[in-house]
Amino acid sequence: MSSLRRHSLVDQLIGQADRALRTLSPDTQAHSRPSPATGQDEAEMSDSERKHAAGLMRVNHTGEVMAQALYQGQALTAKLPAVREEMEHAADEEIDHLAWCEERTRQLGSHTSLLNPMWYGLSFSMGATAGLISDKVSLGFVSAIEDQVCAHLEEHLEVLPEQDSKSRAIVEQMLEDEAKHSHAALEAGGIRFPGPIKHAMSLMSKAMTKTSYRI
């Protein structure tokens, strides 16, 4: 029995390493859905507008890198199989977001953040730690993170160039999906995090936004 458990853990670690490499490598492929930007016309934008839109989409891409790491860390340490499956399912859905943001960032003539490996490692550690504490904390952490993501996406919709329908279509669909993930995590038994913890998470999120927008 112990050898089977060790083998299972090794398999999980190999799977985690494979997922990390695919997340951090270029040319991410969508898991199931085409980009909402498909079919939207490319808008005329000034250089400054294009640069600003690219910076915002780079931030969104980094957020999806962190989401992948968070879910994978939580799946590794989840106590209940059902929670592990929920984390892995959510990670699959987030792959679509990752691919959409990467593609759009490159269409805008820019690149994804050079700091993504650092953000991945940090988020994976946080997710694994939350999972070690309890599944309820882990699911509550997902909900709190997704709430932060929704707040950022709403801000981006306010400041993206109005004519950039491609970027806006992606952000709008992501906002809808992330809100569902937050609700699903609470429905699955996650705890609601208190205000001070959410505030600390918000500060970290803002630090990520500032650095990824530039680098």
Working for side chain to side chain contact (heavy atoms under 4.5 Å, CB included), residues M57 and I170
CA-CA 9 Å; M57 296 309 293; I170 292 171; 3.9 Å; yes
Step by step, would you call I145 with H181 a side chain to side chain contact (heavy atoms under 4.5 Å, CB included)?
CA-CA 10 Å; I145 286 290; H181 290 167; over 6 Å; no
Between L139 and S143, is a side chain to side chain contact (heavy atoms under 4.5 Å, CB included) present by the stated rule, with each step listed?
CA-CA 6 Å; L139 289 165; S143 179; over 6 Å; no
Is there a side chain to side chain contact (heavy atoms under 4.5 Å, CB included) between I191 and V137 once you walk through the steps?
CA-CA 6 Å; I191 63 173; V137 169; 4.0 Å; yes
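Across L98 and H61, no two heavy atoms sit closer than the pair O-CD2, 3.4 Å. L175 and E154 get closest at one heavy-atom pair: CD2-CG, 3.9 Å. Of all the heavy atoms in T105 and R58, the pair that sits closest is OG1-N, 3.7 Å.
For the pair H97/Q68, no side-chain contact is recorded, criterion being any heavy-atom separation below 4.5 Å from C-beta on. Contact annotation: the side chain of M66 approaches that of T62 to within less than 4.5 Å [non-hydrogen atoms, C-beta and beyond]. K166 is not listed as a side-chain neighbour of L108, based on a closest heavy-atom distance of 4.5 Å or more. When side chains are defined from C-beta on, P36 does not count as touching E172, because their heavy atoms never get closer than 4.5 Å. For the pair N60/V171, a side-chain contact is recorded, criterion being any heavy-atom separation below 4.5 Å from C-beta on.
How far CE of M45 is from OG of S167: 6.0 Å, rounded to the nearest 0.5 Å. Once rounded to the nearest 0.5 Å, the distance linking CG of L186 with CZ of R192 reads 4.5 Å. Rounded to the nearest 0.5 Å, atoms CG (N116) and OG (S123) are 10.0 Å apart.
With salt bridges taken as basic N to acidic carboxylate O contacts below 4.0 Å, one links D164 and R104.
Between the W100 side chain and the A37 main chain, no donor and acceptor come within less than 3.5 Å of each other. Remark: the backbone N or O of E44 is paired with a side-chain donor or acceptor of Q163 at under 3.5 angstrom. In this structure a side-chain-to-backbone donor-acceptor pair under 3.5 Å is missing from S182 to E178.
Between Q107 and E42, the side chains place no donor N or O within less than 3.5 Å of an acceptor N or O (distance only, hydrogens not considered).
Under the 4.5 Å side-chain heavy-atom criterion for grouping Ile, Leu, Val, Met, Phe, Trp and Tyr, L70 is not connected to I95 through any hydrophobic cluster. If you chain together hydrophobic residues whose side chains sit under 4.5 Å apart, M174 and W119 fall into the same group.
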